[in-house]
Amino acid sequence: LLMLLFDIHGAVAQERLRFRGQLSATTHLNTGNDYPWWNGLRCIPQLNLELPAGEGRMIDFEASANLFGNIGMSDLTNYNWDGRIKPYRLWGRFSTSQLELRDGLQKINFGSASILRPLMWFDQMDPRDPLRLTDGVWGLLGRYYFLNNANIWLWGLYGNHDPRAWEILPSNKKIPEFGGRIQLPVPAGEAGFSYHHRNADTRGTMFPGEQDRIPEDRFGLDARWDLVTGLWVEGSWTRKRIYMGTLTNQEIINAGADYTFGLGNGLYVAYEHLVTSYDQKPFGFTNLTTFSLATLSYPVGMFDKVSAIIYYDWTNSKIYNFASWEKQYDNFMIYVMGYLNPRVYNLPAQTGPGSLFSGSGIQVMLVFNH
């Protein structure tokens with residue numbers, strides 16, 4: 001009996017239950033909007049549990065929620081508000097030194113590009129958002145890591161409906177999605193091939209015809225090399241098996257480079273060039289949209305950093321500018337962000353209400369992590 005009590009005590013002692021969270025407050029001023037002054041609060045509580053399952057094996061769980069509310073005002077009598085409480089992550093995982101199986105509401109992302117990412121298939125991270133928040137997807141993900149740094153991914157998704165970053169049509173949430181990825185080491189870098197299949201759904205949209213099963217195949221290629229500079233290429237081709245005019249095929253290609261210059265504390269500079277097209281035939285490139293992007297980041301000191309992102313829309317001859325300053329005090333962060341954009345806002349694969357960031361404005365965010 002005494003030995004059994006010691007065994008139970010040792011097992012409990014190895015379990016790790018952690019509670020953490022993030023609280024943020026935002027104020028946003030843009031005099032060109034219908035509601036010039038926006039304010040928001042967000043809370044993301046997170047619970048993690050780790051259960052050792054033998055030598056080199058682990059079972060762990062994560063549960064978190066996204067609670068937020070926003071109010072836009074032109075004066076005390078004219079305002080608009082919204083708020084939601086929704087699950088943010090809710091998954092369980094079994095892992096070893098080379099294998100991972102994760103099931104539930106989770107983030108799935110991969111690829112070589114930095115900001116203009118053709119392989120943003122399942123996440124919607126916005127470079128303007130310092131919190132890098134993105135909704136997850138419901139599904140099962142398996143990953144196996146070989147000893148030579150190659151790895152293979154397999155996934156199956158179910159119950160997801162809303163369009164993701166590059167998608168125009170939502171998914172039929174009652175039909176499973178599936179796909180996979182293989183990533184291999186190459187000289188001075190790595191390369192990957194990805195595939196995904198889903199069924200798009202036009203019901204409840206403005207597209208003519210009520211079709212709930214539009215089979216869609218998505219193929220992705222990416223590679224990155226760490227040479228004197230970092231270099232990458234990334235591309236995605238999406239084809240629908242049912243003819244839908246110019247929406248039948250979608251091609252997205254990105255090429256970029258980054259480098260940290262030895263100036264002061266180190267100036268990081270990255271450049272990306274993106275080409276997108278929607279075509280009746282594969283790789284027709286008859287409806288081109290072309291963007292270039294430059295991003296700069298410089299640490300002013302141990303706790304301060306300034307950065308900027310500049311987009312140029314070659315198709316419409318428009319430029320988008322975004323700059324930010326951040327300061328850290330232990331668990332407390334301050335972000336001050338400003339932007340100068342066209343009134344007609346048309347950045348590719350950007351989340352959130354684009355009209356909120358049209359024209360010029362300033363945003364201040366306070367973040368507390370505990």
Side-chain angles (χ1 to χ4, degrees), residues 65-66 68 70 82-91 103-111 116-126 129 132-141 153-181 194-220 236-252 274 276-280 282 287 289 345-357:
N66 189 354
F68 64 90
N70 301 291
D82 69 278
R84 287 189 65 185
I85 299 176
K86 62 180 182 178
Y88 187 61
R89 302 287 183 262
L90 187 62
W91 52 256
D103 188 28
L105 180 61
Q106 57 187 291
K107 182 177 75 173
I108 302 177
N109 67 331
F110 45 79
L116 299 174
R117 299 166 44 219
L119 295 182
M120 193 160 49
W121 291 354
F122 308 120
D123 68 288
Q124 295 177 289
M125 284 186 289
D126 190 331
D129 179 13
R132 297 295 188 265
L133 299 178
T134 178
D135 289 338
V137 291
W138 293 97
L140 173 65
L141 170 67
W153 307 34
L154 293 173
W155 58 75
L157 310 180
Y158 185 78
N160 303 287
H161 175 72
D162 295 339
R164 298 175 286 259
W166 294 105
E167 296 173 351
I168 295 178
L169 297 175
S171 300
N172 188 322
K173 65 179 182 180
K174 295 184 178 180
I175 302 178
E177 308 173 51
F178 59 87
R181 171 178 172 83
S194 308
Y195 169 78
H196 183 68
H197 175 83
R198 71 162 187 147
N199 277 267
D201 188 350
T202 62
R203 294 176 301 174
T205 69
M206 298 182 66
F207 290 89
E210 295 284 319
Q211 300 185 70
D212 63 345
R213 294 171 181 258
I214 304 173
E216 177 185 282
D217 298 300
R218 194 173 299 174
F219 306 88
S236 175
W237 170 40
T238 301
R239 63 151 190 169
K240 294 179 174 60
R241 299 184 188 180
I242 297 175
Y243 179 76
M244 298 192 67
T246 57
L247 296 183
T248 306
N249 291 274
Q250 178 197 55
E251 302 90 10
I252 314 171
L274 181 82
T276 68
S277 185
Y278 292 88
D279 300 292
Q280 299 182 34
N287 298 285
T289 300
Y345 191 90
N346 190 32
L347 282 181
Q350 297 286 273
T351 60
S355 60
L356 195 64
F357 291 91

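Only this structure's heavy atoms are used, side chains among them; waters, hydrogens and symmetry mates stay out. This is a predicted model, so every value here is computed, not measured.
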Would you confirm whether [X], through its side chain, and [Y], through its main-chain N or O, come within 3.5 Å as a donor-acceptor pair?
X	Y	answer
Tyr88	Thr134	yes
His196	Asp217	no
Asp279	Asn249	no
Asn172	Asn199	no

If I take atom [atom1] from residue [X] and atom [atom2] from residue [Y], how far apart are they, to the nearest 0.5 angstrom?
X	Y	atom1	atom2	answer
Asp129	Gln124	CG	CD	12.0 Å
Thr289	Leu274	OG1	CG	9.0 Å
Ile168	Thr205	CD1	OG1	10.5 Å
Arg198	Glu216	CZ	CD	4.0 Å
Arg218	His197	CZ	NE2	11.0 Å
Asn287	Thr246	CG	OG1	6.0 Å

For Phe110, ring pair (Phe, Tyr, Trp, His ring centres under 6.0 Å) partners two or more places apart: Trp121, Trp153, Trp155
Counterpart residues, ring pair (Phe, Tyr, Trp, His ring centres under 6.0 Å), relative to Phe219 (two or more places apart): Tyr195, Trp237
Compare every heavy atom of Ser236 with every heavy atom of Pro118, then report the nearest pair and how far apart it is. O-CB, 3.6 Å
Closest heavy-atom contact between Arg132 and Asp126? NH1-O, 3.8 Å
Tell me, please, which residues at least two apart from [X] pass side chain to side chain contact (heavy atoms under 4.5 Å, CB included).
X	result
His161	Pro170, Lys173
Asn70	Trp38, Phe68, Asp82
Ile214	Leu169, Ala200, Thr202, Gln211, Lys240, Ile242, Met244

Under the salt bridge (Lys or Arg N to Asp or Glu O under 4.0 Å) rule, collect the residues that match up with Asp135, sequence neighbours excluded. Lys86
Partner set under salt bridge (Lys or Arg N to Asp or Glu O under 4.0 Å) for Asp103, not counting sequence neighbours: none
If you define the side chain from C-beta out and look only at heavy atoms, does anything of [X] sit under 4.5 Å from [Y]?
X	Y	value
Leu247	Phe207	yes
Arg181	Leu119	yes
Leu347	Phe357	no
Phe122	Asn160	no

Any residue meeting side chain to side chain donor-acceptor pair (under 3.5 Å) with [X], in chain and number order, not counting sequence neighbours:
X	answer
Thr248	none
Arg213	none
Asp123	Arg117
Arg164	Glu167, Glu177

Count the heavy atoms belonging to other residues, nucleotides or ligands that lie under 6.0 Å from CZ of Arg84, then report whether that count exceeds 12. no
side-chain contact (heavy atoms from CB on, under 4.5 Å), that's the test. Do Thr238 and Trp166 meet it? Break it down for me. CA-CA 10 Å; Thr238 301; Trp166 294 105; over 6 Å; no
